[in-house]
K.L.:
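Dumping the structure here so I can ask a few things about it.
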Amino acid sequence: MAEYQSKILIIGSGPAGYTAAIYAARSGLNPILVSGTEIGGQLTLSEDVENYPGIEHSIRGQELMDIMKKQSLNLGVKIINDKIVEVDLNNRPFECSSENHNVFYTQSIIIATGASAKWLDISSEKPYRGFGISVCATCDGFFYRGKNVAVIGGGNSAIEEALFLSNFASSVTIIHRRDSLRAEHRLQQKIANKPQISIKYDSVVEEFIGTETTPKLEAIKIKNVKSDKIETINVDGVFIAIGHKPNTEIFQNQLELDKFGYIKTQPNSCKTNIEGVFAAGDVKNPEFRQAIIAAGSGAIAAMEAIRWLEK
């Protein structure tokens, strides 16, 4: 067990967290960043990134996050690989306790814990995460130009993903466990006008098939829940769109959250309902899950925290 004190504590190590740390460090505030269990955040699951400014050639999401981490360390950010499991925002300085029994006392907090994608959690899924299985069509869809892909889900997010992918892929198969989609009627009308989009109703994924030595997804095995019929579909990629869950459990009953659990912030700001506590990235923004937007949000949070500390 160790005790740490800082002017700014950053919780989370995705684009928002690292960017906030970089800005805070350049202001001479010696920030501490606690990485969490998903070091690098959701971006580490992206197969290739080529829409992040300043990156000349496409790189894996993990590589981009490694670059951000090195930049943070070079500027003097203290990074601790640990997970905050309890916070006390009722007293000052704020107190945060970690999984490894470390205690952090801080004058301000930037929360960048992100939102975790919901996976199918079947045994054959994990080897292909980031190697054919994605949770972000906007991030990875371009790499499936002229290929066959599948989208798992039947809500608005799944249909929006399918529509986006239809701009690149030669075929998009929507796999939905129910006999009708849950998406809004206007979205269902749109896919009806897309001949390359088809739907497998009453179906669930039983298995992901491919090569594991050099991970490459090649097919999925699906089962009809009514007839128990098994079918194998050849695909180059699968996009899972069954929702995201904001990582805000430890802030319940302390910060204002919306009905989905995302942190509420003031308009055009990263300020929460508690002075000195800021939120950045996907943990407060369920609509645009993009690295550049999260990074920009991290910069705003840091600058607002710096101004607040100066007062």
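Every value quoted in this text rests on a predicted model; they were computed, and no experiment measured them.
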K.L.:
Any chance you could lay out the salt bridge (charged side-chain N to carboxylate O under 4.0 Å, His left out) test for Asp179 and Lys226, step after step, and finish with the verdict?
P.N.:
CA-CA 10 Å; Asp179 59 6; Lys226 291 184 176 178; 3.7 Å; yes
K.L.:
Run the side chain to side chain donor-acceptor pair (under 3.5 Å) test on Asp82 and Ser35 for me, step by step, so that the C-alpha distance in whole Å, both residues' side-chain angles and the decisive distance to 0.1 Å come before the verdict.
P.N.:
CA-CA 6 Å; Asp82 201 350; Ser35 66; over 6 Å; no
K.L.:
Set out, in order, the CA-CA distance, both residues' side-chain angles and the distance that settles side chain to side chain contact (heavy atoms under 4.5 Å, CB included) for Val151 and Ile240, then state yes or no.
P.N.:
CA-CA 6 Å; Val151 175; Ile240 298 175; over 6 Å; no
K.L.:
Looking at every heavy atom in both Arg177 and Val225, which two are closest together, and how far apart are they?
P.N.:
O-CG2, 3.9 Å
K.L.:
Check whether the ring centres of Phe104 and Tyr4 lie less than 6.0 Å apart, and answer yes or no.
P.N.:
yes
K.L.:
Between Thr211 and Glu218, is any pair of side-chain heavy atoms under 4.5 Å apart?
P.N.:
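Sidechains of Glu218 and Thr211: in contact.
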K.L.:
Going by the rule ring pair (Phe, Tyr, Trp, His ring centres under 6.0 Å), which residues pair with Phe251 if we only count those two or more places apart in sequence or in a different chain?
P.N.:
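For Phe251 there are no ring pair (Phe, Tyr, Trp, His ring centres under 6.0 Å) partners, ignoring immediate neighbours.
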K.L.:
Using modelled atom types only, decide if a donor and an acceptor are shared between the side chain of Tyr128 and the backbone of Gly210 within a distance under 3.5 Å.
P.N.:
yes
K.L.:
For Phe131, does the six-membered ring have the charged nitrogen or CZ of Arg60 within the cation-pi criterion, i.e. under 6.0 angstrom from the centroid and within 45° of the normal?
P.N.:
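Yes, Arg60 sits over the ring of Phe131.
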K.L.:
What residues join Ile230 in its hydrophobic cluster, counting side-chain heavy atom gaps under 4.5 Å, either direct or through other members?
P.N.:
none
K.L.:
For residues Leu217 and Ile209, report the shortest heavy-atom separation together with the two atoms involved.
P.N.:
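Heavy-atom minimum between the residues: CD1-O, 3.5 Å.
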K.L.:
Counting only heavy atoms not in Asn253, do more than 12 fall under 6.0 Å of its CG?
P.N.:
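Open.
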K.L.:
Working to the nearest 0.5 angstrom, can you tell me the gap between Leu309 CG and Ile8 CD1?
P.N.:
5.0 Å
K.L.:
Glu3 versus Tyr105: any side-chain heavy-atom pair under 4.5 Å?
P.N.:
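Yes, side chains in contact.
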K.L.:
For Thr248 and Gly261, indicate whether the former's side chain and the latter's backbone hold a donor-acceptor pair under 3.5 Å.
P.N.:
yes
K.L.:
Could you tell me whether the side chain of Ser116 and the main chain of Lys245 form a donor-acceptor pair under 3.5 Å?
P.N.:
no
K.L.:
Would you check if the side chain of Glu125 reaches a backbone N or O of Leu120 as a donor-acceptor pair within less than 3.5 Å?
P.N.:
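Between the backbone of Leu120 and the side chain of Glu125 there is a qualifying donor-acceptor contact (under 3.5 Å).
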K.L.:
Between Ile175 and Val204, is there a shared hydrophobic cluster once you connect ILVMFWY residues whose side-chain heavy atoms come closer than 4.5 Å?
P.N.:
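Not linked; separate clusters.
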K.L.:
Less than 4.0 angstrom from a charged side-chain N to a carboxylate O is my criterion; do Lys200 and Glu231 meet it?
P.N.:
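Salt bridge present between Lys200 and Glu231.
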K.L.:
Taking Lys264 first and then Asp258, would you say they form a salt bridge - that is, a charged N and a carboxylate O separated by under 4.0 Å?
P.N.:
no
K.L.:
Would you compute the distance between atom OH of Tyr144 and atom OG of Ser170 and round it to the nearest 0.5 angstrom?
P.N.:
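Reported to 0.5 Å precision, the distance equals 13.0 Å.
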K.L.:
How far apart are the C-alpha atoms of Trp308 and Phe278, what are their side-chain angles, what is the distance that settles it, and do they pass the side chain to side chain contact (heavy atoms under 4.5 Å, CB included) test?
P.N.:
CA-CA 10 Å; Trp308 183 81; Phe278 306 84; 3.9 Å; yes
K.L.:
From Thr272 OG1 over to Glu256 CD, what is the distance, rounded to the nearest 0.5 angstrom?
P.N.:
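Here the rounded value is 8.5 Å.
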K.L.:
For a quick check under 3.5 Å, do Ser269 and Glu304 share a side-chain donor-acceptor pair by atom type?
P.N.:
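Their side chains do contain a donor-acceptor pair, which is all the 3.5 Å distance test asks for.
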K.L.:
Are side-chain heavy atoms of Lys194 and Lys190 found at a separation under 4.5 Å?
P.N.:
no
K.L.:
Under a 4.5 Å cut-off applied to non-hydrogen side-chain atoms, are Trp119 and Val135 in contact?
P.N.:
yes
K.L.:
Check Val235 against Ala150 and note the closest heavy-atom contact, atom names and distance.
P.N.:
CG1-CB, 4.1 Å
K.L.:
Taking atom types as modelled and ignoring hydrogens, do the side chains of Asn193 and Gln189 form a donor-acceptor contact shorter than 3.5 angstrom?
P.N.:
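Looking only at side-chain atoms, Gln189 and Asn193 do not form any donor-acceptor pair under 3.5 Å.
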K.L.:
When you compare the side chain of Asp140 with that of Val49, does any pair of heavy atoms fall below 4.5 Å?
P.N.:
no
K.L.:
Mind checking the OG1-CD1 spacing from Thr232 to Ile220? Nearest 0.5 Å is all I need.
P.N.:
9.0 Å
K.L.:
Take Lys284 and Cys270 through the test side chain to side chain contact (heavy atoms under 4.5 Å, CB included) and record every step on the way to the result.
P.N.:
CA-CA 8 Å; Lys284 81 177 197 81; Cys270 292; 3.8 Å; yes
K.L.:
Using the side chain to side chain contact (heavy atoms under 4.5 Å, CB included) rule, take Tyr18 and Lys69 through it: C-alpha gap first, then chi angles, then the decisive distance, then the call.
P.N.:
CA-CA 7 Å; Tyr18 282 136; Lys69 180 179 180 179; 3.5 Å; yes
K.L.:
With a 3.5 Å cut-off and no angle check, do the side chains of Asn91 and Asp88 form a donor-acceptor pair?
P.N.:
yes
K.L.:
Do Ile292 and Met65 sit in the same hydrophobic cluster, where Ile, Leu, Val, Met, Phe, Trp and Tyr count as joined when their side-chain heavy atoms come under 4.5 Å apart?
P.N.:
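Yes; Met65 is reachable from Ile292 via cluster members.
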K.L.:
For the atom pair CG (Asn273) and CD (Glu275), what is the distance rounded to the nearest 0.5 Å?
P.N.:
10.5 Å
K.L.:
Please say yes or no: joined through hydrophobic side-chain contacts below 4.5 Å, possibly via intermediate residues, are Val283 and Ile293 part of one cluster?
P.N.:
no
K.L.:
Mind listing the closest non-hydrogen atom pair of His244 and Tyr262 along with its distance?
P.N.:
CB-OH, 3.9 Å
K.L.:
Identify whether the distance between the nearest side-chain nitrogen and carboxylate oxygen of Lys126 and Asp121 falls below 4.0 Å.
P.N.:
no
K.L.:
Do Val149 and Phe168 have side-chain heavy atoms sitting under 4.5 Å apart?
P.N.:
no
K.L.:
I'd like to know if the side chain of Ser98 reaches the main chain of Ile84, judged simply by a donor and an acceptor atom lying under 3.5 Å from each other, with no hydrogens or angles considered.
P.N.:
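No.
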K.L.:
Hey, are the side chains of Pro93 and Thr106 touching, using non-hydrogen atoms and a 4.5 Å cut-off?
P.N.:
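The answer is no, as the side chains (C-beta and beyond) never meet within the 4.5 Å cut-off.
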K.L.:
Looking at Ser171 and Asn148, what are the two nearest heavy atoms and their distance?
P.N.:
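Heavy-atom minimum between the residues: OG-OD1, 2.7 Å.
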K.L.:
Might you point out which heavy atoms bring Phe239 and Cys136 nearest each other, and give the distance in Å?
P.N.:
CE2-O, 3.8 Å
K.L.:
Can any side-chain N or O of Gln254 pair as donor or acceptor with the backbone N or O of Leu89 at less than 3.5 Å?
P.N.:
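Yes; at least one donor-acceptor contact below 3.5 Å.
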K.L.:
So among Glu161, Glu184, Arg182, which one has a side-chain hydrogen bond (donor to acceptor under 3.5 Å, both in side chains) with Asn156?
P.N.:
Glu184
K.L.:
If you group Ile, Leu, Val, Met, Phe, Trp and Tyr by side-chain heavy-atom gaps below 4.5 Å, do Ile250 and Ile263 land in one group?
P.N.:
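In one cluster with Ile250: Ile263, yes.
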K.L.:
Nearest 0.5 Å please: distance from the CD1 atom of Ile152 over to the CD1 atom of Ile222.
P.N.:
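Between atom CD1 of Ile152 and atom CD1 of Ile222 there are 8.0 Å.
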K.L.:
Would the distance check show the side chain of Asp236 and the main-chain N or O of Lys147 forming a donor-acceptor pair, the cut-off being under 3.5 Å?
P.N.:
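Such a contact is absent between Asp236 side chain and Lys147 backbone.
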K.L.:
Do side-chain atoms of His176 reach the backbone of Ser180 as a donor and acceptor pair under 3.5 angstrom?
P.N.:
yes
K.L.:
Is there a donor-acceptor pair closer than 3.5 Å between any side-chain N or O of Glu86 and the backbone N or O of Cys96?
P.N.:
no
K.L.:
Determine all donor-acceptor pairs shorter than 3.5 Å in which one atom belongs to a side chain in residues 19-33; sequence neighbours excluded.
P.N.:
| unit_1 | atom_1 | unit_2 | atom_2 | d |
| --- | --- | --- | --- | --- |
| Thr19 | OG1 | Pro15 | O | 2.6 |
| Ser27 | OG | Tyr23 | O | 3.2 |

K.L.:
Quick one, Ile191 and Val172 - any side-chain contact, counting heavy atoms below 4.5 Å?
P.N.:
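Counting from C-beta outward, Ile191 and Val172 never come under 4.5 Å.
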K.L.:
Determine whether Ile109 and Ile306 fall in the same hydrophobic cluster, where Ile, Leu, Val, Met, Phe, Trp and Tyr are linked whenever their side-chain heavy atoms lie under 4.5 Å apart.
P.N.:
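In one cluster: no.
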K.L.:
Are more than 12 heavy atoms from other residues, nucleotides or ligands located less than 6.0 Å from atom CG of Asp228?
P.N.:
yes
K.L.:
Determine whether a donor-acceptor pair (N or O, by modelled atom type, separation under 3.5 Å) exists between the side chain of Ser72 and the backbone of Met68.
P.N.:
yes
